[in-house]
Structure formats: C-alpha cells, structure tokens
Amino acid sequence: MWFWGSKGASGFSSSSTAEEVTHGVDGTGLTAIVTGASSGIGVETARVLALRGVHVVMAVRNTVSGAKVKQDILNQVPGAKLDVMELDLSSIESVRRFASDYKSTGLPLNILINNAGVMACPFMLSKDNIELQFATNHLGHFLLTKLLLDTMKNTSRESKREGRIVNLSSEAHRFSYPEGVRFDKINDVSSYSSISAYGQSKLCNVLHANELARQLKEDGVNITVNSLHPGAIMTSLWRHFNSYLAGAVSALASYFIKTIPQGAATTCYLALSPQVAGVTGEYFRNCNITKPSSFGQDSELAKKVWDFSTKLTDSHSGKGHS
C-alpha cells in the first residue's frame, strides 16, 4: 500500500522536491531542452537544472513569457545558462523550424525533456487539422525527438556521456478510450471525450518512450528514454475544468496535490540522477519505477503508435526544413 510521503527504493517520495532529488549532482557541461518552460512545472524544471549547472534551452510558445521566466531564474540563480527559443508543439511546421534552428546553433544536446502539454480542452483541431491534445502532447514531441535524435547521438558519442530523454506522461494514461488509441478516430468529434483524449495522448507518451528505448537499446546507443507521472499539481493545465470541479479538487489539495517543486521532482531525477544511469523504457512515479497500464506495457501497440505517428508527421513534411 502506497502512502503519501512514503519513500520508495530511490529513497524519495511524493513529498520530495526537485532540488532534493538532484542535491549534489553537478550538471556542468550538459545541455538540455525543456519544452513548455514558461509555466508550471516546466519553469521549476528549467530553474533546478540551471541551478545544477546545466545549460537550459527553454522551448516555449510565447517567447515574451519565456524571457520573463528566464530573467526570474537569473535573479535566483546568477550565472545560470539559459536560452529562450520559440516552439509551438501543436504545429508540425514550428517543430521542424525549431529543430532546424537548434541544429544551426551547433549546441550539443544531452537531455531532452518533453514537458509541455494541454489538458482536457474542448474539441479543437491544430493548424495541421489534428485533434489538439494528440497533436500537442504526443505528436509534436514525437517529431521533435525524432528530429533531434542525431544531435543527441553525436553528443553522447563525443562526450562519452549518457543522453537522456524524458517524456512527461500522467496517471491519466490509464483513462484513455476503451481501445487505448483510436487510430481511425483521432479527429472524431462525435465521440470525443476531453478526458479520454487527454488519457490517449498521455498513453502515447508512455508508448513512444518504450518503443524508442527499445530501438536505441537494440542499436547500442547510449541514450535512455523514460516516461513519468509528475503528480497532481494545480497549474494552468486545469483551466479547462469547470470552477465547481476545480474548487472541489483544491479543497482536497492538502491531501494529495503536490506543490510545483514536488511536481518537478521526478522529471529532474530522471534528467540528472546517477541512480537511474542505464535505466530505460520505464515509467516512474514519485521518483520510483511503477507499472503503467496494460496498454502502456503493450509493445505491439507501441509499434503501431510509432508507425502511425511517423506517417502522420511525414504527410505534413513541410517545405524548406530538413
């Protein structure tokens, strides 16, 4: 039986903070990209990585907000190495442009944190006419990872250091549609459920991590890929819930809602901790390995998601971007 605050094998628990789980870790010489680093746990993730000496590239939709967050972090961590770059994960063209711009900087890439997301929004289509939660939470990160993988492989080879890819999933992956992933109904508005569609996108985050981990292991590449549940945190992700539900949730907050420093802990742990060196294709909660849903352990479904996502992103190949 799991209790709030009880420590797992890692020595950390639901009440551990990002600073605590990275205490004593020196990230000097490492470069990380954090998507969605201008709000919520993305800000804390960027701050703690910068605090540990990592050069952090904040990939954000709104660069004005990003610049403000960068300044806030610099005020707290003088000498932090931070850059802000524009990235809209709901747009395939924006993802391609970001990857191309990043490569042209010549920066190495040790850590990729696929953090950004939208949650339980009403039915909407992305610029590429793909259901918004699937497009933003899964597809954008799938393509971003694919486009930056060679950079990560080169960095790992040249630096002789393990690369790490971290996908932020959620326990909501257990509440996807009954069939897991609706390959033929991604854009079906008549049967759309904002909660199930969110769960579907988060399930795809787990399956993407699992399949990529398998491929990299098979190829002998020194890059790990893991997914995680950050915990229930009151951030702007909740904005699409009605006020009654949000009120009820906040009334229970003292019992199970994490603070933002606690919510960023598992991400920072997977990005930096020596405890997870060589650990790949796992799903974490409270800095400890836990089992995802049966769909989340389905390697055939993971391959199907991979192929489906590849076809979808290839069909929006864009012009003028490598």
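For the numbers below, each heavy atom of this structure counts, side chains included, while hydrogens, waters and symmetry mates do not.
- Taken to the nearest 0.5 Å, the CG atom of Leu149 stands 10.0 Å off from the CG atom of Asn154.
- Between the side chain of Asn187 and the main chain of Leu125, no donor-acceptor pair closer than 3.5 Å is present.
- Hydrophobic clustering of Ile, Leu, Val, Met, Phe, Trp and Tyr side chains at less than 4.5 Å, counting indirect connections, keeps Val305 apart from Phe175.
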Inset, instruction - Go through Thr224 and Glu162 one step at a time and tell me if the side chain to side chain contact (heavy atoms under 4.5 Å, CB included) criterion holds. - result: CA-CA 7 Å; Thr224 64; Glu162 177 182 272; 3.6 Å; yes
Inset, instruction - Under the side-chain hydrogen bond (donor to acceptor under 3.5 Å, both in side chains) rule, what do Arg285 and Thr290 come out as? Steps first, then yes or no, please. - result: CA-CA 6 Å; Arg285 177 181 169 191; Thr290 188; 5.5 Å; no
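- Atoms CG and OG1, on Leu49 and Thr22 in that order, are 8.0 Å from each other to the nearest 0.5 Å.
- The side-chain heavy atoms of Thr45 and Cys268, taken from C-beta on, include a pair separated by under 4.5 Å.
- The distance from atom CD1 of Ile41 to atom OG1 of Thr259, rounded to the nearest 0.5 Å, is 11.0 Å.
- Ser193 and Ser196 form a side-chain donor-acceptor contact under 3.5 Å, judged by distance and modelled atom types alone.
- Here the closest non-hydrogen pair linking Gly140 and Val95 is O-CG1, 3.8 Å.
- Checked for salt-bridge contact, Asp72 and Lys68 meet the test: a charged N lies under 4.0 Å from a carboxylate O.
- Not a single donor-acceptor pair under 3.5 Å links the side chain of His173 to the backbone N or O of Asn205.
- Among residues two or more places apart in sequence or in another chain, the salt bridge (charged side-chain N to carboxylate O under 4.0 Å, His left out) test is passed with Glu211 by Arg214.
- Ser16 places no side-chain N or O within 3.5 Å of a backbone atom of Val21 that could act as its donor or acceptor partner.
- Interatomic distance, CG of Leu207 versus OG of Ser227, reported as 8.5 Å (0.5 Å rounding).
- Cluster annotation: Tyr177 and Tyr198 are assigned to distinct hydrophobic clusters (Ile/Leu/Val/Met/Phe/Trp/Tyr, side-chain heavy-atom contacts under 4.5 Å, transitive).
- Residue pairs meeting the side-chain hydrogen bond (donor to acceptor under 3.5 Å, both in side chains) criterion with at least one partner in residues 265-274, sequence neighbours excluded, are Tyr269-Gln275.
- Shortest non-hydrogen contact noted between Gln133 and Ala197 is NE2-CB, 3.7 Å.
- If you check the side chains of Asn137 and Ser201, you find a donor sitting under 3.5 Å from an acceptor.
- Salt bridge annotation for Asp219-Lys153: absent, with no cationic side-chain nitrogen under 4.0 angstrom from a carboxylate oxygen.
- The nearest pair of heavy atoms linking Asn286 to Lys258 is OD1-NZ, 2.7 Å.
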Inset, instruction - Show your reasoning for whether side chain to side chain contact (heavy atoms under 4.5 Å, CB included) applies to Val48 and Leu272. - result: CA-CA 10 Å; Val48 172; Leu272 289 180; 5.8 Å; no
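- Pairs engaging residues 137-172 under the ring pair (Phe, Tyr, Trp, His ring centres under 6.0 Å) rule: Phe134-His138, His138-Phe142, Phe142-His208, Phe142-Trp306 [sequence neighbours left out].
- A salt bridge (charged side-chain N to carboxylate O under 4.0 Å, His left out) check over residues 142-152, counting only residues at least two apart or in different chains, returns the pairs Lys146-Asp314.
- Under the salt bridge (charged side-chain N to carboxylate O under 4.0 Å, His left out) criterion, no residue pair touches residues 270-284, with sequence neighbours excluded.
- Using a 4.5 Å heavy-atom threshold, the side chains of Pro274 and Val25 count as touching.
- Under the 4.5 Å side-chain criterion, counting only non-hydrogen atoms from C-beta, Ser156 is not in contact with Val221.
- Considering only heavy atoms from C-beta on, Leu312 stays 4.5 Å or farther from Ile186 through its side chain.
- Residues Phe284 and Val276 have side chains in contact (heavy-atom distance under 4.5 Å, counting atoms from C-beta outward).
- For the pair Arg164/Leu270, no side-chain contact is recorded, criterion being any heavy-atom separation below 4.5 Å from C-beta on.
- Residue pairs meeting the ring pair (Phe, Tyr, Trp, His ring centres under 6.0 Å) criterion with at least one partner in residues 109-133, sequence neighbours excluded, are Phe123-Tyr192.
- Closest approach of Asp128 to His316, counting heavy atoms only: O-NE2, 3.3 Å.
- Taking the charged nitrogens against the carboxylate oxygens, Lys303 and Glu300 do have a contact shorter than 4.0 Å, which makes a salt bridge.
- In terms of heavy-atom proximity, Ser191 sits nearest to Arg182 at OG-NH1, 2.9 Å.
- For Val84, the side chain to side chain contact (heavy atoms under 4.5 Å, CB included) criterion is met by Met58, Val60, Thr63, Lys70, not counting sequence neighbours.
- Taking CZ of Phe12 as the reference point, atom OG1 of Thr17 lies at 9.0 Å (rounded to 0.5 Å).
- A side-chain donor-acceptor contact under 3.5 Å links Thr105 to the backbone of Tyr102.
- Looking at every heavy atom in both residues, Val43 comes nearest to Ser39 through CG2-N, 3.3 Å.
- Sorted by first and then second residue, the salt bridge (charged side-chain N to carboxylate O under 4.0 Å, His left out) pairs with a member in residues 11-21 read Glu19-Arg47; sequence neighbours excluded.
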Under 3.5 Å, sequence neighbours excluded: what are the donor-acceptor pairs made by side chains of residues 108-120?
unit_1: Asn110; atom_1: OD1; unit_2: Thr31; atom_2: N; d: 2.8
unit_1: Asn114; atom_1: ND2; unit_2: Thr145; atom_2: OG1; d: 3.1
unit_1: Asn114; atom_1: ND2; unit_2: Asn167; atom_2: OD1; d: 2.9
unit_1: Asn115; atom_1: ND2; unit_2: Thr35; atom_2: O; d: 2.9
unit_1: Asn115; atom_1: ND2; unit_2: Gly36; atom_2: O; d: 3.3

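- Expressed to the nearest 0.5 Å, how far CG of Leu89 lies from OG of Ser94 amounts to 7.5 Å.
- Residue Val206 belongs to a hydrophobic cluster whose other members are Tyr283, with links defined by side-chain heavy atoms closer than 4.5 Å.
- Evaluation of the salt bridge (charged side-chain N to carboxylate O under 4.0 Å, His left out) rule for Lys304 yields no partner, not counting sequence neighbours.
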Inset, instruction - Just do the side chain to side chain contact (heavy atoms under 4.5 Å, CB included) check on Ile73 and Leu82 with the steps written out, would you? - result: CA-CA 9 Å; Ile73 295 174; Leu82 297 157; 3.6 Å; yes
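- For residues 183-210, there are no salt bridge (charged side-chain N to carboxylate O under 4.0 Å, His left out) pairs, not counting sequence neighbours.
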